[in-house]
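Report on the following structure.
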Amino acid sequence: MPHCNTLIRNVTVIDGSGSEPQGANVAIVEDRIGEIGKLDGYTAEHIVDGSGKVLAPGFIDVHTHDDLYLIRNPEMLPKLSQGVTTVIVGNCGISAAPVQLSGELPDPMNLLGEANAFCFPSFAGYVAAVNEARPAVNVAALVGHTSLRNNHMDRLDRAANPSEIPRMRVRLQESLDQGALGLSSGLAYLSANSASTEEVMALAEPLAKAGAIYTTHLRSETDTVLDAMDEAFRIGLRAKVPVVISHLKCAGLDNWGRAGEVLQSLDKAISRQDVGCDCYPYAASSSTLDLRQVDDRITITITWSNQHPEMAGQTLSQIAHTWDVSQIEAARRLQPAGAIYHSISEDDMRSILRHPTTMIGSDGLPNDPLPHPRLWGTFPRVLGYYSRDQGLFSISEAIRKMTGLPAQRFGLTRRGLIREGYNADLVLFDPERVRDAATFDYPTRASQGIDAVWVNGMLSYRNQASTGQRAGRFLPRQAPVSKS
Ligand code: ZN
Ligand code: CU
């Protein structure tokens, strides 16, 4: 009689490919998905009744800053509670490795943790630390351009010179050899803004041979967003590598309504090269406090401040009023600080979220004491609010954007689909009840309707709580990233 560890019966399978939901029984055998089908006569140690529930591949959060958080907090509840089973770290040009600090932690590397947490001069050292921490979710990692600049440059407000670029390349190549997925950049940030396009092109050059990828927080997400997209596409074309535009948006009041132009530019690029993007389902962004983004017409909430921690949770306008100064002056006094900017149009965000090439990425900031709710709410918000309640796209399409598409884009083999022989990263949820509960006022509330999460075959989350099992793995770069 065939036997399996866990048998999920009478469940609606949404397999991650975008195909229609199908009724089935699914067997988990050790860390793999066993048979899928009728499975009559199977015996199992655990039988789960899936009636009325959906079984999907575990969600892949393609855009995270969990690099150091997951080592200190391997339970990874902000993500596991959403059904996320894999996180990609090292985005926006900032990665925990390879990093050697001498002096101040450059902005925005301070989003990842305190200076003393950066103790991985080599990528291999980071991989070993992840394996030792045994996080509850799988981890794959990019190498940050700003991190590389930090290692080899005395100051970051200039372009790298011809002797620094080869040194950065050596560290990048070493990291690729040790399993990094590719290179990320954060050209909008002042620590990388002075880098020339040629500097990034030179660094992107070794990616193609390694089958690696280039992801980018664009040089601009505001007025000159189209130029910034062109720059990213040119880097991809020159280096012959796939490009992912991180958290694609058009930000700032003056750019509301420009999603059409942005998507037209994206579609044009897709017709000639391998390009994708990710997006979080909120009309507000969050990062370190950037004086260039201070605008009296939008609401900016301060989430932390080194100089004035007592102001966390207040808006910049309230703080300016209390101090009887302008908002820009208040912002100067708060630095360094973190902020949430309500500067995106809901309609633009929806258009970008709906685009077929768009993956879901939370961009959550786990070290922020008052984080943007995307950290705890992104995936259930897409499933519940945007797909079910608002009808923005079908539930199969929502799941494809968080599973099959990202697995293919980042070359995560045997993940992202429900197929026999694939790793058993699975989430069981109630399609009627699934919803995000984190809000801007209560940002750390766990989502609802996520019934069970398996990571590599281990039941890791159940009844709104971690089971204590932590079965995540470090995922070195595998298959070359491929066109989706
Ligand atoms: Zn970013
Ligand atoms: Cu980011």
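Predicted, not measured: the structure shown is a model, and the values here were computed from it. Hydrogens, waters and symmetry mates are skipped; everything else that's a heavy atom, side chains included, is used. As the structure lists them, so they are numbered: ligands from 1, and atoms in each ligand from 1.
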Side-chain donor-acceptor contact under 3.5 Å, Tyr280 with Ser285: no
Sphere of radius 2.8 Å around the Zn ion (ligand 1) - protein N, O or S atoms inside: Cys92 SG, His217 ND1, His247 NE2
Check: Asn193 side chain, Leu187 main-chain N or O, donor-acceptor pair, under 3.5 Å: yes
With sequence neighbours excluded, residues passing salt bridge (Lys or Arg N to Asp or Glu O under 4.0 Å) with Asp67: none
Distance-only polar pair, side chains of Asp61 and Ser362, donor-acceptor under 3.5 Å: yes
Non-hydrogen atoms of Ala339 and Ile300 that approach each other most closely: CB-CG2, 3.9 Å
Side chains of Tyr282 and Arg374, donor plus acceptor under 3.5 Å: no
By salt bridge (Lys or Arg N to Asp or Glu O under 4.0 Å) - contacts of Arg445 (at least two apart): none
Minimum-distance pair of heavy atoms, taken over all atoms of Ala96 and Leu112: N-CD1, 4.0 Å
Asp436 and Ser447: side chain donor to acceptor below 3.5 Å: no
Count, waters excluded, of protein N, O or S atoms under 2.8 Å from the Cu ion (ligand 2): 4
